Undergrad: 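This is the structure, below, for whatever I ask next.
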Protein chains: 2
Amino acid sequence: MQKNKLYKGSLSTIVLSLLKEQGKMYGYQITREVEKITNGQLKVTEGALYPTLHKLEAKGLLSVEMAKVNNRVRKYYFITEKGKKETANLLNEMKSFISNMEVLINPKLA
Amino acid sequence: MQKNKLYKGSLSTIVLSLLKEQGKMYGYQITREVEKITNGQLKVTEGALYPTLHKLEAKGLLSVEMAKVNNRVRKYYFITEKGKKETANLLNEMKSFISNMEVLINPKLA
DNA sequence: TCTAATACCTAAGCAAATTAGGTATGTAGT
DNA sequence: ACTACATACCTAATTTGCTTAGGTATTAGA
């Protein structure tokens, strides 16, 4: 099971899309969830994830709620209305990219 | 017709894949061809392309042949054997990324 | 007691785009 | 002749956004 490349710029889309679907999530949970959904193929590193969450919060696309579970702090992130709109844009960009890539790398479709 | 995002890391894959399929191409031609194939949705900027071509040549994945057409210099790039192998790897990575993204952004597939 | 899992975080470094220039020739319109 | 645009190459500063490699602290299990 080899580790796969995360193309730069795609992490925000992954995070926002997950939060839009699954409601509240905390950082560590996102790393586990991505790994689970992709059968261990894609790993979101914490060094990339936490700065991304902070950036999305600073942009007003996510909001935070602190929780204490088992004496451990958890920061639950929620998507905002502004975040939902931006998610739709990012998903469209991602889908366009994918369809463009598919015609570019598949000579039969070109 | 909006311009689409080029996720960082994907340009080498696009260039190598095109050259593998279409034989020799020169830089300016690649920018036109990508735009044409994607119906104007994806634009490869020259500021990204030329350094990428030079890098791929330095790695031995491409080779170059100069030509003079209409008193203008053209640098035709060809894919090497080493380049073909690397292209196969990059295409696999891209396909894995796409299938991972699709399950991540499409809740019905998860 | 040691390790692994949970849960947060930052900082240095690096890769790869974007943006914004530059040179030079050929062609078409006014 | 002047202008504008297409062709065809190029570089450099900047920005973005990862990877790598640390760090802290708590809980659970061998």
Side-chain angles (χ1 to χ4, degrees), chain A residues 2-16 24-36 40 42-59 61-62 64-77 86 90 93-94 97 100-101, chain B residues 2-16 24-36 40 42-59 61-62 64-77 86 90 93-94 97 100-101:
Chain A
Q2 66 152 33
K3 189 177 162 191
N4 278 302
K5 189 189 283 194
L6 181 65
Y7 289 87
K8 293 191 184 179
S10 55
L11 184 53
S12 292
T13 306
I14 291 170
V15 168
L16 285 170
K24 67 176 184 180
M25 290 183 89
Y26 55 98
Y28 187 76
Q29 183 187 11
I30 292 174
T31 68
R32 299 299 121 191
E33 191 67 11
V34 169
E35 206 170 338
K36 186 180 153 199
L42 194 59
K43 294 186 203 292
V44 170
T45 60
E46 300 187 343
L49 179 62
Y50 288 112
T52 295
L53 288 170
H54 301 160
K55 189 191 70 182
L56 295 174
E57 191 201 346
K59 282 186 179 175
L61 307 180
L62 297 182
V64 190
E65 200 174 275
M66 302 291 287
K68 197 150 192 173
V69 180
N70 293 335
N71 214 27
R72 273 200 212 90
V73 172
R74 274 186 195 166
K75 289 176 74 176
Y76 280 101
Y77 287 89
E86 180 60 12
L90 291 178
E93 277 179 6
M94 179 56 73
F97 173 74
N100 284 332
M101 278 308 303
Chain B
Q2 66 153 28
K3 188 178 162 190
N4 278 301
K5 188 189 283 194
L6 181 64
Y7 290 87
K8 292 190 185 178
S10 55
L11 183 54
S12 292
T13 305
I14 292 170
V15 168
L16 285 170
K24 67 176 183 180
M25 292 181 86
Y26 55 99
Y28 187 76
Q29 183 185 14
I30 292 174
T31 68
R32 299 298 123 194
E33 190 66 12
V34 168
E35 206 169 338
K36 186 180 155 198
L42 194 60
K43 293 186 204 292
V44 170
T45 61
E46 299 186 345
L49 178 63
Y50 289 112
T52 296
L53 287 170
H54 301 160
K55 190 192 69 183
L56 294 174
E57 190 201 348
K59 281 185 178 175
L61 307 179
L62 298 181
V64 191
E65 199 172 274
M66 303 292 286
K68 197 150 193 173
V69 180
N70 293 336
N71 214 28
R72 274 199 212 93
V73 171
R74 276 187 194 167
K75 288 176 74 176
Y76 279 101
Y77 287 89
E86 181 60 13
L90 290 177
E93 278 179 6
M94 179 56 73
F97 172 75
N100 284 332
M101 278 309 303

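Here is the naming used below: chain letters follow the sequence lines, and residue numbers restart at 1 for every chain. The structure displayed is predicted, hence computed values, not measured ones.
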Undergrad: Roughly how many Å is it from CD1 in B/Ile30 to P in D/dT7, rounded to a whole number?
TA: 15 Å
Undergrad: Is A/Tyr28 close enough to C/dT6 that one of its side-chain N or O atoms is under 4.0 Å from OP1 or OP2 there?
TA: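 Checking A/Tyr28 against C/dT6: at least one side-chain N or O falls below 4.0 Å of OP1 or OP2.
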Undergrad: In whole Å, I'd like the distance from the CG atom of B/Asn4 to the P atom of C/dA17.
TA: 16 Å
Undergrad: First locate atom CG of A/Leu90, then atom CG of A/Leu16, and finally report the distance between them rounded to the nearest 0.5 Å.
TA: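 The CG atom of A/Leu90 sits 6.0 Å away from the CG atom of A/Leu16.
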Undergrad: Between P on C/dA5 and NZ on A/Lys43, what's the gap in Å once rounded to a whole number?
TA: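 Atom-to-atom, A/Lys43 to C/dA5, this comes out as 11 Å.
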Undergrad: Just the rounded figure in Å: distance from P of D/dT7 to OH of B/Tyr76.
TA: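 Roughly 13 Å, once rounded to whole Å.
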Undergrad: B/Tyr7 near the nucleic acid: base, sugar-phosphate alone, or nothing, with a heavy-atom cut-off under 4.0 Å?
TA: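 Since no nucleic acid heavy atom lies under 4.0 Å of B/Tyr7, the category is nothing.
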Undergrad: Between A/Val69 and A/Lys5, which is nearer to the 5' end of DNA chain C once each is assigned its nearest nucleotide?
TA: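 Taking each residue's closest nucleotide, the earlier one in sequence belongs to A/Val69.
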Undergrad: Rounded to the Å, how far apart are B/Arg74 CZ and D/dC10 P?
TA: 14 Å
Undergrad: Can you tell me if B/Thr52 touches the phosphate of C/dA17, counting only side-chain N or O atoms and a distance under 4.0 Å to OP1 or OP2?
TA: yes
Undergrad: I want to confirm an ordering. Mapping B/Ala48 and A/Leu11 to their closest nucleotides on DNA chain D, which one lands closer to the 5' end?
TA: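 Upstream on the strand: B/Ala48.
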Undergrad: If you only use heavy atoms from C-beta on, which nucleotide in D/dT19, C/dT6, D/dC9 is closest to the side chain of A/Arg32?
TA: C/dT6
Undergrad: With the side chain of A/Asn71 defined as its heavy atoms from C-beta on, choose the nearest nucleotide among C/dT10, D/dT27, D/dC10.
TA: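 My answer, after comparing the listed nucleotides, is D/dT27.
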Undergrad: If you compare every side-chain N and O of B/Lys75 against the phosphate oxygens of D/dC10 (OP1, OP2), does one of them come in below 4.0 Å?
TA: yes
Undergrad: How long is the gap from NZ on B/Lys5 to OG on B/Ser10, to the nearest 0.5 Å?
TA: 11.0 Å
Undergrad: Which part of the nucleic acid, if any, lies within contact of B/Arg72, taking any heavy atom under 4.0 Å across all strands shown: a base, the sugar-phosphate backbone alone, or nothing?
TA: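 Base contact.
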Undergrad: Using OP1 and OP2 only, check whether a side-chain N or O of B/His54 sits under 4.0 Å from D/dC10.
TA: yes
Undergrad: Quick one: CG on A/Leu62 to NZ on A/Lys24, what's the gap to the nearest 0.5 Å?
TA: 15.0 Å
Undergrad: Quick one: label B/Gly47 by what it contacts on the DNA or RNA (base, sugar-phosphate, nothing), any heavy atom closer than 4.0 Å.
TA: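 Answer is base: heavy atoms of B/Gly47 come under 4.0 Å of a base.
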Undergrad: To the nearest angstrom, how far is A/Leu56 atom CG from D/dT16 atom P?
TA: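 It works out to 14 Å between those atoms.
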Undergrad: Look at B/Tyr50 and D/dC9 and indicate whether a side-chain polar atom (N or O) is within less than 4.0 Å of OP1 or OP2.
TA: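 So the side chain of B/Tyr50 is within the cut-off, an N or O lying under 4.0 Å from OP1 or OP2 of D/dC9.
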Undergrad: In whole angstrom, what separates B/Tyr77's OH from D/dC9's C1'?
TA: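 Rounded to whole Å, this separation is 9 Å.
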Undergrad: Would you compute the distance between atom OG1 of A/Thr45 and atom CG of A/Leu6 and round it to the nearest 0.5 angstrom?
TA: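 Reported to 0.5 Å precision, the distance equals 8.0 Å.
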Undergrad: Under 4.0 Å from OP1 or OP2 of C/dA7: is there any side-chain N or O of A/Tyr26 that close?
TA: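 True: A/Tyr26 side-chain N/O within range (under 4.0 Å) of C/dA7 OP1/OP2.
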Undergrad: Rounding to an integer number of Å, can you tell me how far A/Leu90 CG sits from D/dG17 P?
TA: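 A/Leu90 atom CG is separated from D/dG17 atom P by 10 Å.
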Undergrad: Name the nucleic acid region contacted by B/Ser10, choosing base, sugar-phosphate or nothing; use a 4.0 angstrom heavy-atom cut-off, strictly under.
TA: sugar-phosphate
Undergrad: I'd like to check B/Glu35 versus B/Val44 (side-chain heavy atoms, cut-off strictly below 4.5 Å). Are they in contact?
TA: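 B/Glu35 vs B/Val44: side chains apart.
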Undergrad: What are the two closest non-hydrogen atoms of B/Tyr28 and B/Tyr50, and how far apart are they?
TA: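 Closest approach of B/Tyr28 to B/Tyr50, heavy atoms only: N-OH, 3.6 Å.
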Undergrad: From the set C/dA17, C/dA15, D/dC10, return the single nucleotide nearest to any side-chain atom of A/Lys8.
TA: C/dA15
Undergrad: So A/Gln29, base contact, sugar-phosphate only, or nothing? Heavy-atom distance under 4.0 Å.
TA: nothing
